[in-house]
Structures are given as structure tokens and as C-alpha cells.
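Note sheet for the following structure.
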Amino acid sequence: MPDHTLPKTYDFHATERRIYAWWEQHGYFKPWNDPRRPGFDPAVEPFVIAIPPPNVTGELHLGHAMFVAMEDLMIRYQRMKGVPALWVPGSDHAGIATQLQIEKALAKEGCTREQIGREEFLKRTWAWKEKYGGIIADQIRRLGASCDWERERFTLDEGLSRAVREAFVRLFEKGLIYRGPRLINWSPGLKTAVSDLEVEYSEEPGTLYYFKYMLAASEGEFIPVATTRPETILGDTAVAVHPEDPRFSRYVGREVLVPVLGRRIPVIPDEYVDREFGTGALKITPGHDPNDYAIGQRHGLPVISVLDEAARVTGAGGPYAGQDRFEARSNLWQDMRAAGLVIKEQPYTLSVPRSQRGGEIVEPMISTQWFVRIAPLAEAALGAVRDGRVRIIPEHFTKVYYNWLENIQDWCISRQLWWGHRIPVWYCQECGKMFAAREDPDICPKCGGSRLEQDPDVLDTWFSSGLWPFSTLGWPEDTPDVRYFYPTSVMETGYDILFFWVARMIMFGLEFTGQVPFHTVYLHGLIRDEQSRKMSKTTGNVIDPLEVMDELGTDALRFTLLVGSTPGHDTNVSLKKVVANRNFANKLWNAARLITGAIPQAPAAPQSEPEYTLADAWIWARFKQLTRSVEQLFQNYMYGEAGRQIYDFFWGDFADWYLEIAKQQVGQGGDRAFYTVDRLVRIFDGVLRMLHPFTPFVTEEIWGHLKRAAQAHSDRLLPMPGAWEEALIVARWPQPEPEVAQDADSLVRFTLLQDIVRAIRNLRAEKNVRPGQRLPAILVCPPEIAEMLEEEKANLATLARLDAELLSIVPHGGTAFPKPEGHITLVVGPVEVYLPLSGLVEAGEERARLEKDQAEVGAQIERLETLLSSPFAEKAPAAVVQKEREKLAGYQETAAKLRAQLQALG
RNA sequence: GGGCGGUUAGCUCAGUUGGUUAGAGCGUUGCGUUGACAUCGCAAAGGUCGUAGGUUCGAGUCCUAUACCGCCCACCA
């Protein structure tokens, strides 16, 4: 046996490992045109994707699998098209997420980060990163990712750190970064500020507390006020009422007393107050509420912080100082009740702000933080999408993008963490000035002093991520990579990080490089379970991609994710789908066994000119259709639909029909066998090529076998490009093949053949004719069809399980054909099929079936006649009308046959 | 409050530019296994495309309204 014989079963496990190593070893993942390699041609346009960097200590989940599959598909497609394709891999330091992991580990040892100190903490985190940081990259390899691993980057590596400093200093020098006390979202557990985006609101049952704000100057008079957070009363600096509210107008300008504390605060008028809500009067806590902060600014109110960084009451809270916020809430309320200030409590649904990471309740607080003045950047980023320099797919997300950028707030970029890029700002202890610097300074540039202290904060992780498309290529250096590969091509990621990441990359790209960082944003949906629930460990519905790959193979997983998804829409993944796609890979494998086995049965060189059967012409016409359709779908980023069509072609046309026919044709030997094998090889090769971006492993493996089998047998068995490439991963993508006039005819004729076969199979199934039993048959049809059927006789016999010796094709026109004794009739379009089964069919049954057919055909004729006599005939395009006319003619022909048959039955 | 998406077969979903009998996988039913494949084959059942209008010769596809589900943003003392 030659070595290209395929084993009976496909061992995807071993294959995946072997093939990946082989690809990598041959350098196929590198762009063929590369400024780092000899023979570089800067004129050839590359295709570039920067990977969405996963968290360095993360574990692979289906979200990763999704983007890897999607991006690898795009990269492989471009590579096969001959475009230098670069996919830059890397990972993200993920400030909060990683730091939390380390802190958790420390907690197990019974200590805190403060106890071990910043330096030791960072040492441990780096050690953690070294230990676990490679895992995710290996898991991404298992998915088949064809990244250029030599270009792998990490957001905290030296080059990227330089980029971060450069970006910060530039913005700082332009005045686009400022520092100051503002009301920010404070995470008391993490003890850091977080940005607006990192706060998630959840609806939760709570209480609305009604109480009295007593007038300072008059006994017994009060303004009723409602709050959801009584502890903030301690920080109230005013009570606001609507200026036109008659209930309270007499109080405006007077003073009320803060419960328990007895502080005097003014009653102020402000239109922000909603007269309908609550009591119509609003307590103002500028230190702990964003709206109150704004009102406070308008009225020049003092700001009192009553909560500290751990959300405990500060000294300003008098008797409650040192208490936790919730403890203080209940204590204060009790004391107020005792003092007769409580009116009532009412159940109320709150929108509770929680930290995206820790999940704890975020506290709005006044704090000195660093901010990016975002408006000018946002304006530019809006422009880039508006004028089409960046295209977002699916398109409806552009609105979401606009909406966010048009209402954007300054971005709080400082975090009170240790794991991250430290803010490159120093404070001179001698002159008191602060300055930003690209390199760690020794002396103060303002006064020359040497007692410098660096700002202790680090930057928001997304600050460094925002630079990713160019920092990974070497920016701010003017490297050959930046010059050639930037701007990148497509940014493919989930829509959930459109704001966090995509918008910020566009802003930073424009700001720092003057160019958009990518011309296309492709947003995929989120992965959910089969009941469209989010996958979560608590629900227990998490599908682990690693387990899926172990059990069903990477290709099956990839194909499921790719074909099951539409851009921007969530995808429900179930194991059942993956199983179905594992079966698909298996089907491919077995088709390959058949084809490689068929090759040696044909002569190595044909003696005559090519001669193709109807089936050959048909499958070729269908294949060409597929290449055109797939090309168009790929161009429109409709990968899922493309995959589906290839799947359908392969399974429904190629395997179900053509392979069955091909076995028969190869069995005929001679040149017929050669030309059949030639079709098999070419079309299967084409299918493998088109499938390769979806299911790279099985296709590469099979293709290798196919190629070797073909080469071993004949130098005339070639793929479409005319020569066998060295590997499928770098093989040419099938060109869309143009349609020729004959194609339509082949399709119509073969469809008739299929209809005949189906009709016979149907009857056999109905009558329980044993599958093994070869039936004789008589086919009566118009002469021009008879010729075709005669040629296809052998195939017909195979497919419908007829006895080829006893199959007669009778050309017959005009007059009714006399029905043979003992036969029953099927009418398939212009063809009458007579099968000697009347013994199995009861009297009347045949008539009933024919009448049923007649009724169906009659209904169609009626429908089409109505249609064609309507304005449709004049207004619709001629081709469309013509098509319907032909259909009608076909039905009329069938109807005539049916009538004749029924008459013959008497 | 503003915006977006979904509603198609029992389930999960496709359905690009409107073209005239609506597709797949899974599930269900019946039949079938020595030669590519039971990880399979053959056949069958199953949908008035959420509802109501409109545009059009023609609407699952475009427009308007509406119901329900989901999401995002803003945020309500």
C-alpha cells in the first residue's frame, strides 16, 4: 500500500499537534513580504490584524475561541489570496484583574499587599506572570491561530512601556491630560478609582427613606426629603427645591439643620429638582453624588467628604466616624427615628452602581485623579467613522459609537493600583513643581533639585490597550514594521468592548499617528449557551473550549463558532452543534479516503480529448457557482453564510450525489475513469481550499494526502491553479469561476435526473421494496431528453437502485404511450417512469396518487396563469417573467402526461 | 428617558442587494449496515416568517405603527 492511504479513522488529536508544529516550523505564519526579511517589497499591500490581547493570566474561554477563529479565518483567507498577512499576538497585563489574583493569593498567606510593600508585590506579580502567562498563548495555538509568534507582545514589556510614556507625555504637554479633585467612582474594596465605563448598574430592591429637614429658625417647621442613602445626610450642604414650587418657595434662602449633626445648611432653588418625585425637595451631597456635585458647583456649595477610601465615615460624620457606610446608615436612621425626624420608609427599586471587577458597590467620591480631556480626541474619532475612514461591521453599531462619543465625559485614567504602567509624572520636593518625563529623571528640570518623587498611581489598563495596534509594531520608534504594517486592516473583537477599547484605539491612533489604526471594525457577538443565557460558573453552563477540542476537535469547534454566528449578534453554542460539525470533519475525511482510493483506479494518462458526463458538468457548474458566491460573501464579511454554503455543497451535492456517481464512472475504467478522477480531485481540492480558513487542520491533513495520491499517480491530475503548492495553508484561494452558457443547462438537466431518482426512491420507500433489490424500469420521454438519460443510464441505475440491464429508455413524442402491463407509473416532469410493481400497489392507489399529483400540478398551473396574466408580466424584468413562463410550460407538460395516465387507467 | 437588536419548523438558528412553492443542524417517524462514512445512507412529517397597516407587478426582505423578549447608554432624591 502506498503511503498516501488514509487510516480508517481520523485522529484529529495527533494531527492537530503535528500540523501546527509543521506550519510553524516552515514559517507559514509569517507574512511572505516582511521588512525584516530579504527581498522585501514595500509596494505590496499587507493585511494586518492586531490580536485583542487576552489577560495574561487568563484561561481560555469561548470568547477567546470566537475571536481566534474569526481572525484566523480572515488571516488565512488573505494569506491564500497571496496577500502578506500578519497577525500580531500578545497579551494584556490587565491591571485590576491580575492584581486581584495576587491579592487573593496573598490573603491565603494571611497578608496584604501593603504589608509586603510595592516592590515585593510587583516581584510576585511578575513571577506569577512568568508562570501562568504562557498558558493562554499555548491555548490560542491549540485553536490553530496562525500568528507570527516572533512578534508576540505584552502590554508591560519594554517597548510598549515606552509607547505608553510617549503617549502620556505628549498628551500632558498638549494640555490634554490634567490632574485634579473631581467626583469619581471609587471602589472601596479595591481602593482605587475606576472609570465611568467600569461601573455597572444593577436593579436591586432597596428602600426610600423619608425624613424631616427641620427649619433652623422656626420650631416645628420642616421640609420633607427622601433619600436612598441616609448616610450621605452627614455630607449634605444644602436642600434644593424647585424655584417655582409653591410648597417650598417660602423656605428658599432660609436654613435647615442637618439631622444629628445640627449643621446649618441653606435651602436653595434649582431647576434640576423634579417636583413630582419623592417629596419634591432634594438633599444635596456634593461630596457623594454626581448630580449634587454639579448643583453644588452652580451654587458654590462646600463639599464635604463623609466617607474615606474604605467607605468608612470620616471625622466629618461626627458620632458615626469610623463606621462602615452601611453600619452608619442604620445607626443614623435609628438616631433620627429617636429624634422624631423619620417620616416613613418605602420599598424602592434602586439602580445600584457596582464595580465591573470586584462587584462591590461603587461610591461616588471626591478624589484627586488624572484625567484625559477627551473632547478633542472624540471629535476626531467621530470624524473618522463619519467620513468612512473606519467602517464598522455590522453597520448599526456606528450609531452606538456616535452616541457614546457625542456624550463622552473626561476619562479618569489613574488607578491606585501597583500592577500597571506607573504615571510618568514626578513631583519635585524642592520647588514643588510637577513634570512629566519620557525617561526617569534624576533632577528636576525646573529647579535642578534632586529630591523627586514619582506619582504613585498607575494608568488604566485601557490606556495601554488603546495604543495596541501601533505600539505592538514598535511605535513610537519609526520602525520598518510601523511603516509597512500600519495602519492595520481589521479590528475584530466583541461589541462589548466597543467603548472600552475600539473607540479609544481610534482616538489614540488618530492622535498619535495621525492615521486611523484600522480601516474596518468587525464586531462579533457574545457567546451564550443554547438557551441564550450568559455562560457563568455559577449557572454551571460554561462550555470549556479545551474540553471541546479534546473531545470533538478544534476544527469542529471553530466551524461551529464561525458558521453559527452573524456579525454583532450573540451566538448560542451547544455541544450538539459541535458534534454535528465533528461529523462534518469526519465526512470530509471519508470522502478523502474514497477519492484517494479512486485515483489509482484510473489510467495515468487519458488517450482521448476530455469528455465529461452530465454529472461532471453539473458538479462543475455547481462548484463554480459556489466559488462565485463564496467570494462575494467573503468580501461582505459574511463568513458564516459562506461556510454554510461550502458545507451544503460538499455534503448535499458533492458527497450525496457526485461521489455516488463518480464511483460508478470510475468503475467504467478507461478515459471516463480518468476524467472522473480529474473532476474529483479538482473539486475536492477546491472545497478543501475554501474550507481551510474554517477548519484548517483536517483540510491541511486531507489535502496533503490528496496531493500525494494525485502526484503519485499522474502528473496530469492537478488542482485549479495548475500546480500543487507545498501546503494548503499557502495554497492559492480558488478564483471565482465565471459562468458559461452550458452551466444553466447542465443544472436543469441534472435536476431532472435527481427528480427521477428521488421519485423512484420515494416509491420504493413507500412500498418497502428491499434496498438491495434492483428493479427493472422503463423511462418514456421526449427524444432530446432520452439521449441524455441514455447517457446517464448507468448512473440512474446506481442512484435509484435499478437493474441497468433491464432499464430501457424509450424516446416517445406526441401520442400517448401504451402503459406496459403490470407496471405502475410515476410522472416526473416530462418523463414517465414505469416500474413493474403493480403487484404491490392496490387498485385505486395508483389512481389516487396520480390524482394527487394532478391536483398539485393543477394548483401550480393556476397560480402561474394568474400571475402571468397580472401586471407582473409587463412590469417585472423580462428574465423573471421568462422563468415563470418556463415553469408554467413544464407544469403543463406534466399535467398532460398525468391526464393521459389517468385516462389509461380508465 | 434615549438608542439598538430580536421575534422564521418542536429546539437552536441561517436567509447579501425585494423576484414569486421559505432553508440547515438537532430532534421526531419509517426503512436500511460486508467495500468513503452508523461520526452513515434513503425517505417522511413539520412554518399563513410576532401583529396591523402601507409601498410595489411582487415583501421573511423596504416603510409606519404596535406587542413581547433581550441589550446598551443616561440615570431617578
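Bear in mind that the values here come from a model prediction, so they are computed numbers and not experimental data.
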Could you tell me how far apart [X] ([atom1]) and [N] ([atom2]) are, to the nearest whole angstrom?
X	N	atom1	atom2	value
A:E203	B:G70	CD	P	13 Å
A:H288	B:A77	NE2	P	16 Å
A:Q645	B:G25	CD	P	15 Å
A:E641	B:A22	CD	C1'	14 Å
A:N403	B:C71	CG	P	18 Å
A:K344	B:A77	NZ	C1'	13 Å

Please classify the nucleic acid contact of [X] as base, sugar-phosphate, or nothing, using heavy-atom distances under 4.0 Å.
X	answer
A:Q860	base
A:A580	sugar-phosphate
A:R582	base
A:P877	base
A:D656	sugar-phosphate
A:T566	sugar-phosphate
A:E551	nothing
A:E874	nothing

Kindly say if [X] contacts the phosphate of [N], meaning a side-chain N or O under 4.0 Å from OP1 or OP2.
X	N	value
A:N762	B:A44	yes
A:W651	B:G41	yes
A:K875	B:C57	yes

Close N or O pairs between protein and nucleotides 8-12 of chain B (under 3.5 Å):
unit_1: B:U12; atom_1: O3'; unit_2: A:N572; atom_2: ND2; d: 2.7
unit_1: B:U12; atom_1: O2'; unit_2: A:K577; atom_2: NZ; d: 3.0

Using a distance-only test with no angle check, is there a side-chain donor-acceptor pair under 3.5 angstrom linking [X] and [Y]?
X	Y	answer
A:E198	A:S195	yes
A:K283	A:T232	yes
A:W333	A:E231	no

- Item | Candidate list A:I393, A:V400, A:I497, A:L498, test side chain to side chain contact (heavy atoms under 4.5 Å, CB included), partner A:L523, passing option | A:L498
- Task: Could you tell me whether A:R622 sits above the aromatic face of A:W657, with NZ or CZ closer than 6.0 angstrom to the six-membered ring centre and within 45 degrees of the axis?
- Result: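 No cation-pi geometry.
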- How are the rings of A:Y639 and A:F634 set relative to one another: parallel (under 30°), tilted (30 to 60°) or perpendicular (over 60°)?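 The rings of A:Y639 and A:F634 stand perpendicular, inter-plane angle above 60°.
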- Task: Flag the pair A:F559 / A:F694 as yes when their ring centroid distance falls below 6.0 Å, and as no otherwise.
- Result: yes
- Task: Heavy atoms only: give me the nearest A:Y251-A:F222 pair and the separation to one decimal.
- Result: OH-O, 4.0 Å
- Item | Given RNA chain B, 5'-ward residue of the pair A:S870 and A:L197, judged by closest heavy atom |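 Nearest nucleotide further toward 5': that of A:S870.
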- Item | Distance-only donor-acceptor test, A:K399 side-chain atoms vs B:C4 base atoms, 3.5 Å | no
- Message: What I want to check is whether an N or O donor and acceptor connect the side chain of A:S351 with the base of B:C75 at under 3.5 Å.
- Response: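 Present.
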- Message: Taking B:G18 as the reference, what is the distance to B:C63 when you measure between their C1' atoms (whole Å, please)?
- Response: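 Between the two C1' atoms, the distance is 13 Å.
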